[in-house]
2 protein chains.
Amino acid sequence: MQQVVAPAFKTCSDCPIRHRAVCAKCDSQELELLEDIKYYRSFSAGQTVMWAGDHMDFVASVVSGVATLTQTMEDGRTQMVGLLLPSDFVGRPGRAEAAYTVTATSDLVMCCFRRKPFEQMISTTPHIAHRLLEMTLDELDAAREWMLVLGRKTAREKIASLLSIIARRDALLGLAAPGKELQVEIPLTREAMADYLGLTLETVSRQISALKRDGVIVLSGKRLVTIPDMDRLMTEAGDDSDGGYLV
Amino acid sequence: MQQVVAPAFKTCSDCPIRHRAVCAKCDSQELELLEDIKYYRSFSAGQTVMWAGDHMDFVASVVSGVATLTQTMEDGRTQMVGLLLPSDFVGRPGRAEAAYTVTATSDLVMCCFRRKPFEQMISTTPHIAHRLLEMTLDELDAAREWMLVLGRKTAREKIASLLSIIARRDALLGLAAPGKELQVEIPLTREAMADYLGLTLETVSRQISALKRDGVIVLSGKRLVTIPDMDRLMTEAGDDSDGGYLV
DNA sequence: ACTGTTCCTTGACACAGATCAAAAGTGGAG
DNA sequence: CTCCACTTTTGATCTGTGTCAAGGAACAGT
């Protein structure tokens, strides 16, 4: 691999393996190293990208759309273990077998990197290895935060937590400005929300209705949620707010 | 840092940052690189190693004993998000603030590495960076497996899942032989088990009694559990057994 | 041996959320 | 526009687990 390109990463040291289409800080040069091993794949809403146990010869990052990572028990109970939004990474270097089922919940474009050359690139390009470690640590933190939600929060708190996570994420991507009302689109059906939260879809629906009735959120259609008071939502989620939700 | 020692890692390429005291494959030479930045700390059962939010100037690996990673809500609800057994690693390179509270649940010895030099070593020693990435990915898989337990399993399945995870772990460390009866020590109080499983300690106690009554487990004292039939336990846990529990 | 402390077990009851069932929206295809 | 499939909402009832309460077992210190 041509290790020559390494300096180019300095222009965007914190996101070398994220696809430039989704990173405002990236210029068009920095992913040249990846150009020759990448290709795009599109999926339509509802399509399964890969099944748990499938042989997987690529890793990928989400360019646009939303996908979910789910685990399923033999009797059909399913738990979502991750939500893939634009710029998120999926796949495990060094392992050929997919651990989770990945499903597109909206029209989805992924940027795939052939696994073998990607692995090789990691070992020859410390910047990328380091960034990958950071992203994995972030995912681990997110997974552990979600363990608290799943294990200890009430249905209402779970819904509020999900909304606040999506809202925070939107804020991060610059889709929302601090100070003004937040409006977020929930990119999930009620059933998918239930699978994320460890609830049934009926309970999800009831709690959303309750939050609406209590003025915590305003619904425009089924998927579009306006949040008049983010601090209020954070309180409902059981988090100590601190206004730190724009981090 | 003296990068000269790198070849030494080849004798134990899969566990460079684990402490040699807990890795049968390691000889006494391979951790020389770490010698000058490490020190040991001991804790007694019940002692808190660090609080969430504390400034943390080291990362560490468990030499002996058991520790837990917990998250707590303002009203006192707590969720265990990780169990640290010998050879496990804790701490986040690149972040000074502890994300979780770490508590010793038995007498505990940790091998600490000062964070700054450790971080520097990561960037100059690809072997270690790579191994750290692998360990983090393993932890992420474990966290996600636990999300399924927390979100979708019944109390009885949760208990069985916890026992089978501890049993598998013991088997990995060579404390148990396949074919013969497994005997495992649960290194947790009923309350700690409850915090791990998202239950109350009363429910934990009841379900353990039920598993005992049904012959799935045999208790010797409060903490020592004999598992006459591992496949049976796996079925109770809701896992597809496959006999793959020795992996 | 006594006493206090901590951990564990068991019982009675309450309630959050699951389950079962039905109806009302919603949106795409023809 | 109408039809049909799918998603969502809402209601009635059931149940698994939480809550509250009491007592037992193990153990350390005096």
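So that the names make sense, note that chain A is the first sequence line, chain B the second, and so on, each numbered from 1.
Here Thr189(A) lies in heavy-atom contact (under 4.0 Å) with sugar-phosphate atoms only.
Side-chain atoms of Arg152(A) come within 3.5 Å of backbone atoms of Leu199(B) as a donor-acceptor pair (strictly under, hydrogens ignored). Arg144(A) places no side-chain N or O within 3.5 Å of a backbone atom of Met80(B) that could act as its donor or acceptor partner. The main-chain N or O of Arg77(A) is found under 3.5 Å from a side-chain atom of Asp75(A) such that the two form a donor-acceptor pair. Within the 3.5 Å criterion, the main-chain N or O of Val59(A) finds no donor-acceptor partner in the side chain of Arg115(A).
Considering only heavy atoms from C-beta on, Ile159(B) comes within 4.5 Å of Leu197(B) through its side chain.
Leu201(A) places its CG atom 12 Å from the C1' atom of dC6(D), with the value rounded to the nearest Å. In this structure, Leu211(A) places its CG atom 16 Å from C1' of dT8(D), rounding to the nearest Å. When rounded to the nearest whole Å, the span between CZ of Arg223(A) and P of dT7(D) equals 9 Å.
With values rounded to the nearest 0.5 angstrom, Leu163(A) atom CG is found 7.0 Å from Leu211(A) atom CG.
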Base, backbone or nothing for each nucleotide of nucleotides 16-30 of chain D, written B, S, -, heavy atoms under 4.0 angstrom, 5' to 3'? -SSBB----------
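Counting heavy-atom neighbours within 6.0 Å of Glu191(A) CD, excluding the residue itself, gives a total of 12 or less. Environment of CD in Glu202(A): crowded, with over 12 heavy atoms of neighbouring residues, nucleotides or ligands closer than 6.0 Å.
Ring orientation note: the planes of Trp146(A) and Tyr196(A) are close to parallel, at an angle under 30° on the 30°/60° scale.
Pairs of Watson-Crick or G-U wobble type, with distances under 3.5 Å, assemble into runs of 3 or more in DNA chain D at these ranges: C:1-30 with D:1-30.
Pairing each heavy atom of Glu157(A) with each of Met73(B), the nearest pair is OE2-CE, 4.2 Å.
Reading DNA chain C from its 5' end, the first and the last nucleotide to sit under 4.0 Å from a heavy atom of chain A are dG17(C) to dT26(C).
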